[in-house]
Structures are given as structure tokens and as C-alpha cells.
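Note sheet for the following structure.
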Amino acid sequence: MALTALKYTVQEKALILGIESSCDETAASVLRRQADGSFEILSSIIASQDEKHAPFGGVVPEIAARAHMQKLDAIIDRAVTDAAVEYDDLSAIAATSGPGLIGGVIAGLMGAKGLAMSLDIPLIAVNHLEGHAVSPKLAGECPFPYLLLLISGGHTQLLSVKGLGDYTRLGSTVDDAAGEAFDKSAKVMGLGFPGGPRVEKTAASGDPSAVKLPRPFKGKDHADFSFAGLKTAVARAYEASDKSDQANADLCASFQQAVCDVFDDRTRRAMALFRKDISAEIDSPQRFVVAGGVAANKKIRSSLEALCNAQNFTLLAPPLKFCTDNAAMIALAGAEHYALGNFDAMDVKARPRWPLDGESARHNPASGFGKKGPKS
Ligand code: KG4
Ligand code: ZN
């Protein structure tokens, strides 16, 4: 984060407006933070674009950007009205500034800049992934340090979180994100969009051992992920199946089980790496956070809960409604930065790529480099 002022502690209570527009949800939220760090979500408005993207089986960036621009003002207005506050009461505007689809991020960030300038209050550029990383606090206490499994449509990472802005990546996907594997499998099977919830629902009446599918990287001596082969295996199995309701349910259940097994194996490895990273005793009690859209999956949550119980970790997760993209988590990350005096200049740029762990990503991104630097 580019700082415009020296760090200082803001003691007074604050009212933060959060804005989220990095993918296909246009969202705004007002959060009240007390001087002691406690907070309250006064409003959280989310306008989904699902029906606009459904015919294409995935998010279309141009459609998303236009929809954000059309809806943003009204969504912000509703968030302020629902919170029963006035624009003049706001202390700062926090907006997702990346990573994400550039058109949407620009739409939200421009709106935030305009508001911050007209109200003459600070702008806080929030990393969307940091929003997910702090989202368990929307359910209750979640002190640092913790091991974070961040599983969304765009990212799949295991991070050691030692403080706000203090992240060490322990593993990440070398190809597709977990949510992408759900979405693409659903698309192949004609289940509709977004795929995750459809796969979960279809899997409910299926047999998780019916279809033999791979568990990529299982047993490997690192904590990275790979989902491309699993996605292809689902497509092949679907082609070979009789495509009946029962066959679809069995395939969804088998795919979901494969994902659970992969998370179990990779997270187990990362738990050891995490204890080493924070210099904790083997088997010492620790915290584990699962966040991001895929964390809304109940089977995945219960499988991770069992792993945590066996490994002496306490599982913490955001409430289901704050797993997928929302602005409450952006307002919360913004409020934490506000308390530290971390403000951004009005020329802060939208960043389609913005790894949470800037340093380690620069050296060794599992997802590789693109023309503009590390991919994730
Ligand atoms: O965090 P999110 O809303 O957006 C990103 O930052 O990417 O995550 C969206 C992803 C989508 O891929 C969606 O299919 C997946 O989360 N998802 C789920 C479930 N609900 C949403 N995946 C599996 N099971 C679910 N119940
Ligand atoms: Zn997200």
C-alpha cells in the first residue's frame, strides 16, 4: 500500500464505507469501528450480476465492468441509507483496488476517489485478498497469527498470516483456482452458473466414491495445488457417463470428494510449514482460517473441521454470506488500515495483479509470471 502520511494511530471511532467491484458483485457496506477496535457492520448491500453472465457460463469482463458502472452509485446510496448515516459522517472510503478484472476495479476505485475527494476524507486502497483474509473477523475474534486457506474463483493459496499486511505464502495453485474447477466442471455438465453452489446441490444425492478421479499433488512434499487435471478428468467422466440425474449427482459428489481430499492433504502439509514459519512447537494449538467463495461449501468446511480437530488447530471461517465477494470485508480491512493511518494518494492505481505476499511472490510464484509480473 502506498502511504501518503507517516503511520500513526487513529484513536477516535470511525465510520468506513467499503466498496467492492473486482469480479461480478457490485457491493457497498458501512462499518462503524470503535477506538478499541471493536466494530459493527451497519449495512452490506450486494448486487449480483449472475443472470447477466449465466448465458456465457462464466464472468464476461466487459459486461461486468459496464454493470458495475451502472449500479455502483445506487448500491453505495443504499448502503449509506440502510446504515442510517449521512455521507458527511463518513471517516474514509475503502475500495478494492485489485487484484481482479481491471474494468470493474477501475469502476469501483474511481467512484471511491470521487467520493473521497468531494467529502475531503481519506481513500484506502484495499487488496481484495486481504478482505477475504480478515473476513473471519466478521464472525468474531480471530487474532493473528493464523494459517489461511484462501479458496475463491480466482485464487487458491495457503498463507501464514502474522499480521495485517504480513503474509508468507506456503503454497498456491500452479494452474486453475479451486472455484474455477467448480465453475468449469459445472459448465461441462450443463449445471449453470455460478458452478460452485450448483455442484454442491447436485452432489447431495450422489455417491462420492462412484467415479474414480485424481487427487493432484497428493503426498507431495510441498503445499501447492493443481486443479487442471481434475477438471479434465471430470469432463472425460461426464462424456463417458449416461448423463442421467443419478450419474450427474455421482460425478458431482466424486468431484467434491476429490477436492476435499486435496484440501485435506495440502493443508496438512501447510500446517507443518506454518508451525515452522511462526517457530511454534510441533502439535502446539493454532488457528486455521478458511475463506473465499469456495469456503461456502459445507462438505469442504466439515472436512477441514475434521482435519483441524486431528491436528490441534481451531477452525475459524466467515459467516456463509461473507464467504463470497462482499463489501463488509473490504470495509473491515479498510478500517484496520484506517486505524494505522495507512491512507492512499488519489493517484493510486487499479492493480489487476496484486499478490498479498509481495516479496515472496516476486521470487517464486507457483502460478508463474506474466508480462506484468507475478500472476497471483
Ligand atoms: O470469493 P468469490 O466470491 O470471488 C472471487 O474472489 O473469486 O468466489 C467465487 C467462487 C466461484 O468460483 C464459485 O463457484 C465458488 O466461489 N463458490 C463455491 C460455492 N459457493 C461459491 N464453490 C463451491 N461450493 C460452494 N457452495
Ligand atoms: Zn473474492
Side-chain angles (χ1 to χ4, degrees), residues 18-27 29 44 46-50 53-54 57-59 61 64 68 95-101 104-105 108 126-136 138 148-157 172-173 176-189 191-204 206 227 230-231 234 252-253 255-260 262-263 289-304 317-330 332-333 352-356 376:
I19 298 173
E20 160 59 33
S21 61
S22 65
C23 193
D24 60 341
E25 326 280 356
T26 315
S29 168
S44 174
I46 304 173
S48 168
Q49 305 170 3
D50 280 356
H53 301 290
V59 178
H68 285 305
T96 293
S97 307
L101 300 173
V105 175
V126 174
N127 184 316
H128 177 82
L129 303 177
E130 185 156 75
H132 281 302
V134 300
S135 64
L138 296 166
L148 169 67
L149 174 62
L150 178 45
I151 39 178
S152 69
H155 296 87
T156 295
Q157 301 181 352
S172 55
T173 182
D176 293 345
E180 219 175 330
F182 269 95
D183 292 338
K184 289 183 178 165
S185 297
K187 189 176 177 183
V188 161
M189 296 174 70
L191 296 178
F193 175 84
R198 310 277 175 117
V199 170
E200 181 172 21
K201 199 165 165 224
T202 310
F227 289 103
L230 177 56
K231 178 190 71 185
V234 169
C252 282
F255 165 73
Q256 200 171 251
Q257 186 59 51
V259 174
C260 286
V262 166
F263 284 151
V289 163
V290 61
V294 182
N297 186 292
K298 294 186 198 71
K299 253 275 174 319
I300 291 172
R301 276 196 188 217
S302 62
S303 160
L304 289 169
L320 282 182
K321 65 175 178 176
F322 292 134
C323 283
T324 43
D325 289 348
N326 64 86
M329 67 183 193
I330 303 303
L332 176 55
R353 287 176 184 174
W354 186 2
L356 260 186
S376 54

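The basis for the numbers below is simple: all heavy atoms, side chains too, and nothing from hydrogens, waters or symmetry mates. We count ligands from 1, going down the list as the structure has it; atoms in each ligand are counted the same way. Note that the numbering runs from 1 along the sequence shown for the chain.
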Keeping [X] on the side-chain end and [Y] on the backbone end, is there a donor-acceptor pair under 3.5 Å?
X: Glu180; Y: Ala177; answer: yes
X: Ser48; Y: Asp50; answer: yes
X: Asn127; Y: Trp354; answer: yes
X: Thr156; Y: Ser172; answer: no
X: Ser135; Y: Met329; answer: no
X: Arg301; Y: Ala296; answer: no
X: Ser303; Y: Lys299; answer: no

query = With sequence neighbours left out, what residues match Phe255 under ring pair (Phe, Tyr, Trp, His ring centres under 6.0 Å)?
reply =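 Checked Phe255 against ring pair (Phe, Tyr, Trp, His ring centres under 6.0 Å); matches are Phe182.
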Taken in chain and number order and not counting sequence neighbours, the residues that satisfy ring pair (Phe, Tyr, Trp, His ring centres under 6.0 Å) with His68 are none
Checklist line | Part of His132 within contact of ligand 1 (heavy atoms, under 4.0 Å) | finding: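 It is the side chain that gets close, since no backbone atom is under 4.0 Å.
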Atom 22 (N) of ligand 1 has as its nearest protein heavy atom Gly196 CA, 3.3 Å
min-distance protein heavy atom vs atom 3 (O) of ligand 1 -> Asp325 N, 2.9 Å
Angle subtended at the Zn ion (ligand 2) by His132 NE2 and His128 NE2, to the nearest 10 degrees, is 100°
Are any of the N/O atoms on [X], whether in the backbone or the side chain, positioned under 3.5 angstrom from an N/O atom of ligand 1?
X: Gly293; answer: yes
X: Gly154; answer: yes
X: Glu25; answer: no
X: Gly179; answer: yes
X: Thr324; answer: no

Checking distances from the Zn ion (ligand 2), one finds that the N, O or S atom of Asp325 closest to it is OD1
Using a 4.0 Å cutoff against the non-hydrogen atoms of [X], which atoms of ligand 1 qualify?
X: Asp183; result: 11 (C), 12 (O), 13 (C), 14 (O)
X: Gly153; result: 5 (C), 7 (O), 8 (O), 9 (C), 10 (C), 12 (O)
X: Glu200; result: 25 (C), 26 (N)
X: Ser152; result: 1 (O), 5 (C), 6 (O), 7 (O), 8 (O)

Q.
Yes or no: does Pro197 have any heavy atom under 4.0 Å from an atom of ligand 1?
A. yes
| message | When you measure from the heavy atoms of His128 to every atom of ligand 1, does any distance fall below 4.0 Å? | response | yes
In short, Leu191 meets Arg198 closest at the heavy-atom pair O-NH1, 3.1 Å
